[in-house]
2 protein chains.
Amino acid sequence: MGMRIGEMARRAGVSTRALRYYEQHGLISARRGPNGYREYDESQLALVAEIRSLLTAGFTLEDARPFVECLRSGNATGDSCPESVAVYRRKLAELDDQIRTLVARRAEVAAQLAGACPGCTVHVEIRGRRT
Amino acid sequence: MGMRIGEMARRAGVSTRALRYYEQHGLISARRGPNGYREYDESQLALVAEIRSLLTAGFTLEDARPFVECLRSGNATGDSCPESVAVYRRKLAELDDQIRTLVARRAEVAAQLAGACPGCTVHVEIRGRRT
DNA sequence: CTTGACCTTGACACTGACGTCAAGGATTAC
DNA sequence: GTAATCCTTGACGTCAGTGTCAAGGTCAAG
């Protein structure tokens, strides 16, 4: 019932380095065997899965913390807690900000390009709209 | 006709550190006085202005290089050279990529939020379209 | 007994554009 | 003369999440 870090890493699809890093930042934990080796159980696997899912979705490790704590406190999903939902909302606002910034920046660059290279008309497709 | 780094920095609106950094990376240059002090003339001021403009627009220092060289070779604007235009195009493609990524990510986060918090409908305004 | 696979902690490398401090020389103002 | 300000180079810190190496302990198979 206890796996060591190598197996955990394989099963979770992450590096052992990543697991130690998550632990160092208090997101996961592990018992220690008499030899000092980390021993993990299945529950930690779910936590790591949650972390990976969030990281690949653009969240930071800090963002992942409330989700992990939500899972640890017995909830079925990491986003069953208000703190997690708050992170969703904050992230959504951040994304909207970033998108607005990039869209504005794109317009500027396109304008510069048009000015520097008349005839270099640029077309782009964003959500079914031609620009 | 020659100003030192402090005055140059004030006039260009950048730090002396930034000027040394640009020089270190070969983007600007300066004569040296007998005491070892850098001495700048007006032409360098234009280069720094170009660099700042590009950096604040989201370009990297490397991106700025062709623009600076374009100016140095006597052109009225930094984007009068094909290399600069190529950078514009590449940047445009990068921005489109990033925007697409962020928009997709936003949709995922919004979906998660909707699932985790029914009734938390989120509205956003992107270019006159309500979502 | 030895090889080899696994584990441990610690610590440097990376990316970019600087900020900031250190230690020292030059210049200017009074 | 001396304090204040300016200049020089060099080098570490920042942010994030690892990759990677170092130096060593542990353990099962042969």
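Keep in mind that what you see is a predicted model, and the values were worked out from it rather than measured. What you see below is based on every heavy atom in this structure, not just the backbone, and it leaves out hydrogens, waters and symmetry mates. The sequence lines fix the lettering, A, B, ..., with proteins before strands; numbering per chain opens at 1.
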Whole angstrom is fine here: how far is it from [atom1] in [X] over to [atom2] in [N]?
X       : N      : atom1 : atom2 : answer
A:Gln24 : D:dG19 : CD    : C1'   : 15 Å
A:His25 : D:dC15 : NE2   : C1'   : 12 Å
B:Glu23 : D:dG10 : CD    : C1'   : 15 Å
A:Phe59 : D:dG17 : CZ    : P     : 13 Å
A:Arg32 : D:dT26 : CZ    : P     : 14 Å
A:Tyr21 : D:dT20 : OH    : P     : 17 Å
B:Arg31 : D:dT8  : CZ    : P     : 13 Å

Item to check | Closest listed nucleotide, where the reference is the side chain of B:Tyr37 and the choices are D:dT8, D:dG17, D:dG25 | outcome: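 Nucleotide nearest to B:Tyr37's side chain: D:dT8.
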Below 4.0 Å: OP1/OP2 of [N] and any side-chain N or O of [X]:
X       : N      : answer
A:Asn35 : D:dG25 : no
A:Ser15 : D:dG19 : yes
A:Arg17 : D:dT20 : no

Checklist entry - Looking at side-chain heavy atoms only, is the closest gap between B:Val87 and B:Asp79 below 4.5 Å? => result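 They are not in contact (no side-chain heavy atoms under 4.5 Å apart), so the answer is no.
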Next on the checklist: Can you confirm whether A:Lys91 sits close enough to B:Arg106 that some side-chain heavy atom of one is under 4.5 Å from a side-chain heavy atom of the other?
Outcome noted: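 No. Closest side-chain heavy atoms not under 4.5 Å.
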Checklist entry - For A:Arg20, which contact category applies under a 4.0 Å heavy-atom criterion: base, sugar-phosphate, or nothing? => result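 Base: the residue A:Arg20, judged by heavy atoms under 4.0 Å, touches a nucleobase.
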Next on the checklist: So which atom in A:Thr16 and which in A:Ile5 form the shortest heavy-atom distance, rounded to 0.1 Å?
Outcome noted: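 That closest heavy-atom pairing would be O-CD1, 3.8 Å.
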Checklist entry - Which sits closer to the 5' end of DNA chain C, A:Tyr40 or B:Leu55, going by the nucleotide each is nearest to? => result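 Between the two, 5'-proximity favours A:Tyr40.
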Item to check | First encountered from the 5' end of DNA chain C, between B:Arg4 and B:Thr60 | outcome: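 Comparing both residues, the 5'-ward one is B:Thr60.
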Checklist entry - Got a salt bridge between B:Arg65 and B:Glu69, using NZ or NE/NH1/NH2 to carboxylate O under 4.0 Å? => result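 Here B:Arg65 does not pair with B:Glu69 in a salt bridge, since their nearest N and O are not under 4.0 Å apart.
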Next on the checklist: Using a strict threshold of under 4.0 Å (side-chain N to carboxylate O), is an ion pair present between B:Glu23 and B:Arg32?
Outcome noted: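 B:Glu23 and B:Arg32: salt-bridged.
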Checklist entry - Would B:Arg11 and B:Tyr40 count as a side chain to side chain donor-acceptor pair (under 3.5 Å) if you check the C-alpha gap in whole Å, the side-chain angles of each, and the deciding distance to 0.1 Å? => result CA-CA 11 Å; B:Arg11 293 182 57 183; B:Tyr40 298 92; over 6 Å; no
Item to check | A:Tyr37: hydrophobic cluster co-members (side-chain, 4.5 Å) | outcome: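 Its cluster partners, ordered by chain and number, are none at all.
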Item to check | DNA chain C: 5'-most and 3'-most nucleotides touching chain A, 4.0 angstrom heavy-atom criterion | outcome: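 Nucleotide range in contact with chain A: C:dC6 to C:dA11.
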